[in-house]
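Have a look at the structure below, then the notes.
A, B, ... follow the sequence lines: proteins, then strands. Residue 1 opens every chain.
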There are 2 protein chains.
Amino acid sequence: MAVRETDHSGNRISGEETRTARRRAVGAGSPLGLRANRIEAECRAKGLRLTGQRRLIAQVLSEALDHPDAFDLHRRVAMLAPHVSLATVYRTMKRFEREGIVKRLEFRGGHARYETAAKRHHDHLIDLETGQVVEFRNAEIERLQEAVARELGYRLVGHRLELYGVPVPAKERSEEDL
Amino acid sequence: MAVRETDHSGNRISGEETRTARRRAVGAGSPLGLRANRIEAECRAKGLRLTGQRRLIAQVLSEALDHPDAFDLHRRVAMLAPHVSLATVYRTMKRFEREGIVKRLEFRGGHARYETAAKRHHDHLIDLETGQVVEFRNAEIERLQEAVARELGYRLVGHRLELYGVPVPAKERSEEDL
DNA sequence: ATAGGTGCAAAACCTTTGCTGCAGC
DNA sequence: GCTGCAGCAAAGGTTTTGCACCTAT
């Protein structure tokens with residue numbers, strides 16, 4: 001899954017391919033045989049019917065290294081089973097989201113993208129040059145969000161935090177005169 | 001403008017009407033005579049033509065206590081000048097956004113909403129029960145965002161932070177056993 | 001058997017755009 | 001008068017939905 005947990009500070013969780021253009025391919029290591037995955041287990045646990053389409057969509061999303069949108073998912077699924085419709089992808093994502101199996105993301109640009117909900121909570125930094133999305137965690141920010149909501153008289157039930165940045169070339173990183 | 005800067009901690013900036021349903025009306029204190037406003041001044045400063053439509057849209061947005069979407073703006077403007085088209089509202093918002101005169105917001109639910117850019121930077125807390133949007137500032141969160149981006153090798157050029165909360169009844173606020 | 005899922009195509013929804021005429025500067 | 005802006009309607013892209021058929025349980 002290429003989940004790099006490398007940063008010494010514990011902020012960086014993962015990187016991924018770009019998403020700017022619609023040019024990704026299905027992960028090469030995905031034979032037609034359906035492997036069990038966490039999403040299938042969750043379907044069973046929540047009483048969702050385990051249809052062939054759902055199995056495929058679950059597998060494709062489980063194996064995704066990026067944050068695909070419905071169109072991406074459909075394209076990848078269609079490589080395994082061409083008859084699956086885009087409507088089914090949308091319906092499945094909606095259902096999965098309602099069951100807490102996937103998370104719907106809405107970065108700038110309008111259309112929704114999805115990720116499995118099983119991972120630990122994290123937020124996203126979007127590389128504006130490549131479209132790459134980097135996941136990160138920051139406990140202090142989380143704490144402050146709770147505090148802000150409480151001060152305003154609310155109980156925090158959700159949040160959305162996205163950072164948009166441009167990469168700093170390595171040579172500039174030491175000079176702090178930016 | 002009902003910008004309440006009340007909270008002792010400095011977090012709360014303003015409150016507004018609900019937006020869940022499309023049932024707002026134009027601010028009652030807006031006679032047909034066009035008052036000068038900051039947006040008009042900015043138009044002049046940036047060489048934008050000051051058409052009647054832009055004047056109206058600028059006025060309506062200046063006087064808005066909430067964060068209206070294009071449809072809202074159009075409805076409010078149409079009460080003053082029924083011939084103004086929705087396309088003009090969209091084009092004007094796009095142009096104003098490009099000039100840094102307005103900010104485009106995209107909360108959950110898809111469609112864009114707008115606010116004047118002249119205010120100091122702030123983020124938003126959305127009341128999930130009423131749809132009310134509360135603006136707040138938190139310098140510490142801002143600092144941490146910068147730090148996270150830097151650690152990941154990026155220069156932060158923008159961010160989006162939205163908190164979603166449900167109001168805590170006053171009587172419960174003292175009990176911290178939530 | 002039956003409730004629920006799927007495919008297809010059409011609609012809904014928000015937003016943009018082509019074109020023609022008009023108005024601000 | 002030129003250029004940019006407006007109105008209208010049509011197209012754009014994403015997501016949802018009506019309906020008939022199918023299938024997992």
Side-chain angles (χ1 to χ4, degrees), chain A residues 19-22 34 39-58 60 67-75 77-78 80-99 101-102 104-114, chain B residues 19-22 34 39-58 60 67-75 77-78 80-99 101-102 104-114:
Chain A
R19 63 85 242 214
T20 302
R22 298 181 174 284
L34 301 175
I39 293 179
E40 285 192 26
E42 292 193 73
C43 280
R44 254 183 287 268
K46 306 196 183 203
L48 301 198
R49 277 198 197 168
L50 220 36
T51 65
Q53 291 90 330
R54 282 187 180 163
R55 262 185 243 266
L56 283 166
I57 294 170
V60 164
H67 299 86
D69 59 25
F71 193 86
D72 294 327
L73 289 171
H74 180 241
R75 190 156 32 70
V77 167
L80 307 172
H83 57 88
V84 175
S85 79
L86 182 56
T88 294
V89 173
Y90 275 110
R91 276 193 275 236
T92 301
M93 284 302 100
K94 194 160 221 181
R95 193 71 210 281
F96 281 5
E97 190 195 5
R98 185 145 54 86
E99 300 293 341
I101 299 174
V102 308
R104 179 195 188 90
L105 309 171
E106 288 178 344
F107 301 150
R108 280 181 195 163
H111 59 286
R113 302 167 66 174
Y114 304 91
Chain B
R19 62 87 243 211
T20 302
R22 300 183 172 284
L34 301 176
I39 293 180
E40 286 192 25
E42 293 192 71
C43 281
R44 254 183 287 268
K46 306 194 185 209
L48 301 197
R49 276 197 196 167
L50 221 36
T51 65
Q53 290 89 331
R54 283 186 180 164
R55 261 186 243 267
L56 282 166
I57 294 169
V60 165
H67 299 85
D69 59 26
F71 193 86
D72 294 327
L73 289 171
H74 180 242
R75 190 156 32 70
V77 167
L80 307 172
H83 58 88
V84 175
S85 79
L86 182 56
T88 294
V89 173
Y90 275 111
R91 274 194 276 240
T92 302
M93 284 303 99
K94 194 160 223 182
R95 192 70 209 279
F96 281 5
E97 191 196 4
R98 186 144 53 85
E99 300 293 341
I101 298 174
V102 308
R104 179 195 188 89
L105 309 171
E106 287 178 346
F107 301 150
R108 278 181 196 165
H111 59 286
R113 303 166 63 173
Y114 303 92

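Minimum heavy-atom separation, A:Asp69 to A:Asp72: OD1-N, 2.7 Å. Here the closest heavy-atom approach between residue A:Ala81 and residue A:Leu56 is recorded as CB-CD1, 3.4 Å.
Whole-Å rounding puts the A:Leu56 CG to C:dG5 C1' distance at 14 Å. Atom CZ of B:Phe96 is separated from atom C1' of D:dC5 by 12 Å (rounded to the nearest Å). Atom-to-atom, CD of A:Glu106 to P of C:dC14 comes out at 14 Å; the value is rounded to the nearest Å. Rounded to an integer number of Å, the gap from NE2 of B:His111 to P of D:dT14 is 19 Å. A:Asp69 has its CG atom 12 Å from the C1' atom of D:dT15, to the nearest Å. Residue B:Leu86 contributes atom CG, which lies 8 Å from atom C1' of C:dT15 at whole-angstrom precision. The distance from atom NZ of A:Lys46 to atom C1' of C:dG4 is 18 Å, rounded to the nearest whole Å. Regarding A:Arg104, its CZ atom lies at a distance of 11 Å from the C1' atom of D:dT16, rounded to whole Å.
The pair A:Arg55-A:Glu40 meets the salt-bridge criterion, with a side-chain N (NZ, NE, NH1 or NH2) lying under 4.0 Å from an Asp/Glu carboxylate O.
A close approach under 4.0 Å does occur between a side-chain nitrogen or oxygen of A:His83 and OP1 or OP2 of C:dG7.
For the side-chain hydrogen bond (donor to acceptor under 3.5 Å, both in side chains) test, residues two or more places apart in sequence or in another chain that qualify with B:Thr88 are B:Ser85. Partners of A:Glu97 according to the side-chain contact (heavy atoms from CB on, under 4.5 Å) rule, which considers only residues two or more places apart in sequence or in another chain, are A:Val102, A:Arg104. Scored by the side-chain contact (heavy atoms from CB on, under 4.5 Å) test, A:Ala70 finds A:Leu86, A:Val89, A:Tyr90, A:Tyr114 as partners (sequence neighbours excluded). Partners of A:Arg95 under the side-chain contact (heavy atoms from CB on, under 4.5 Å) rule, at least two apart in sequence or in another chain, are A:Leu48, A:Arg54, A:Arg98, A:Glu99.
The CZ atom of A:Arg91 lies 10.5 Å from the CD atom of A:Gln53; values are rounded to the nearest 0.5 Å.
The listed nucleotides are D:dT15, D:dG7, C:dT6; the one nearest the side chain of B:Thr88 is D:dG7.
Contact of the B:Leu80 side chain with the B:Val60 side chain is registered, since non-hydrogen atoms from C-beta on lie closer than 4.5 Å.
For the helix from C:dA1-D:dT25 to C:dC25-D:dG1, the terminal axes (five pairs an end, C1' atoms, rotation from four pairs onto the next four) enclose an angle of 40°, given to 10 degrees.
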Checklist entry - What does nucleotides 17-25 of chain D look like as a protein-contact string, B for base, S for sugar-phosphate only, - for none, at under 4.0 angstrom between heavy atoms? => result BB----BBS
